[in-house]
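Note sheet for the following structure.
Being a predicted model, the structure only gives us computed values, none of them experimental.
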Amino acid sequence: MSVSLGHPVPDFTATATGDTAVTLSELKGQQVVVYFYPKASTPGCTTEGGDFRDRKDAFDAANTVILGVSRDGIRAQENFKAKQAFNFELISDKDEAVCSLFEVIKLKKLYGKEHLGIERSTFLIDAEGRLAREWRGVKVKGHVDEVLEAAQALHAG
């Protein structure tokens with residue numbers, strides 16, 4: 001089962017920072033941004049997370065929860081969150097269950113070698129739990145502002 005625009009996102013529960021488990025269905029009534037990034041503490045991922053951090057008040061005003069997801073272990077996620085002072089939770093998806101649901105694991109090339117990795121992607125889920133928008137193959141610069149505009153427009157109705 002995977003996600004598709006306009007349809008309910010299948011429920012999932014995942015281990016997150018702050019010694020918590022995030023269950024999507026428990027967030028119903030709020031919009032949710034789920035953004036996937038390749039690896040904690042790398043330059044692009046740090047920039048993207050910082051952009052979400054710096055705009056969190058605006059996302060809060062649009063009734064939108066932010067969740068970051070990568071395949072890093074929970075310790076790496078906790079360290080990344082603490083070092084960057086992220087004000088939202090990060091999900092550790094070592095078993096790739098959430099990544100598979102959103103189909104973000106892609107064949108990538110790095111230094112001429114192919115490997116499976118996370119394609120930087122962001123998903124906006126409406127307050128009823130339906131997928132409202134998706135961005136795949138994201139470039140970091142300006143991306144969070146675009147997601148925020150979409151969240152604000154969705155919230156405004």
Rounded to the nearest 0.5 Å, how far apart are [atom1] of [X] and [atom2] of [Y]?
X      : Y      : atom1 : atom2 : result
Ser70  : Lys39  : OG    : NZ    : 7.5 Å
Glu119 : Ile105 : CD    : CD1   : 10.0 Å
Ile91  : Ile74  : CD1   : CD1   : 9.0 Å
Cys99  : Ile118 : SG    : CD1   : 3.5 Å
Glu128 : Gln30  : CD    : CD    : 12.5 Å
Ile125 : Lys28  : CD1   : NZ    : 11.5 Å

Less than 4.5 Å apart, any side-chain heavy atom of Leu116 and any of Leu107?
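The answer is yes; the side chains approach within 4.5 Å.
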Quick one, Pro10 and Val3 - any side-chain contact, counting heavy atoms below 4.5 Å?
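Counting from C-beta outward, Pro10 and Val3 do come under 4.5 Å.
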State whether the number of non-hydrogen atoms from other residues, nucleotides or ligands found under 6.0 Å of Arg75 atom CZ is greater than 12.
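No, not enclosed.
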Identify the heavy atoms of [X] and [Y] that sit nearest to each other, and give their distance.
X      : Y     : answer
Gly73  : Lys94 : CA-CD, 3.6 Å
Val98  : Ala14 : CG2-CB, 4.0 Å
Gly117 : Arg71 : CA-NH2, 3.7 Å
Ala151 : Thr64 : CB-OG1, 3.7 Å
Glu89  : Gly18 : OE1-N, 3.7 Å
Glu48  : Phe36 : OE1-O, 4.5 Å

Strictly by side-chain hydrogen bond (donor to acceptor under 3.5 Å, both in side chains), give each pair with a member in residues 147-157 just once, sequence neighbours left out.
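Listed by first then second residue: nothing to list.
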If you look only at pairs with a residue in residues 3-15, which of them pass as a side-chain hydrogen bond (donor to acceptor under 3.5 Å, both in side chains), with sequence neighbours excluded?
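side-chain hydrogen bond (donor to acceptor under 3.5 Å, both in side chains) check on residues 3-15 returns Ser4-His7, Asp11-Ser25, Thr13-Thr23.
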Could you go step by step and tell me if Ser41 and Gln84 meet the side-chain contact (heavy atoms from CB on, under 4.5 Å) rule?
CA-CA 9 Å; Ser41 301; Gln84 301 303 325; 5.9 Å; no
Linking I/L/V/M/F/W/Y whenever any side-chain heavy atoms sit under 4.5 Å apart, do Val9 and Val65 land together?
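Same cluster: Val9 reaches Val65 through Ile, Leu, Val, Met, Phe, Trp or Tyr contacts under 4.5 Å.
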Hydrophobic cluster of Phe80, others only, ordered by chain and residue number, side-chain cut-off 4.5 Å
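Val33, Tyr35, Tyr37, Phe52, Phe59, Ile66, Phe86, Phe88, Leu90, Leu124, Trp135, Val138, Val144, Val147, Leu148, Leu154, which link up through side-chain heavy atoms under 4.5 Å apart, make up the rest of the cluster.
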Short side-chain donor-acceptor distance under 3.5 Å, Ser121 and Glu134
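Result is no, nothing qualifies.
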Aromatic rings Phe102 and Phe12: how do their planes relate, parallel, tilted or perpendicular, breaks at 30° and 60°?
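The arrangement is perpendicular - the two ring planes meet at more than 60°.
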Asp145 side-chain N/O to Asp51 backbone N/O, donor-acceptor pair under 3.5 Å
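Looks like no, no N/O pair under 3.5 Å.
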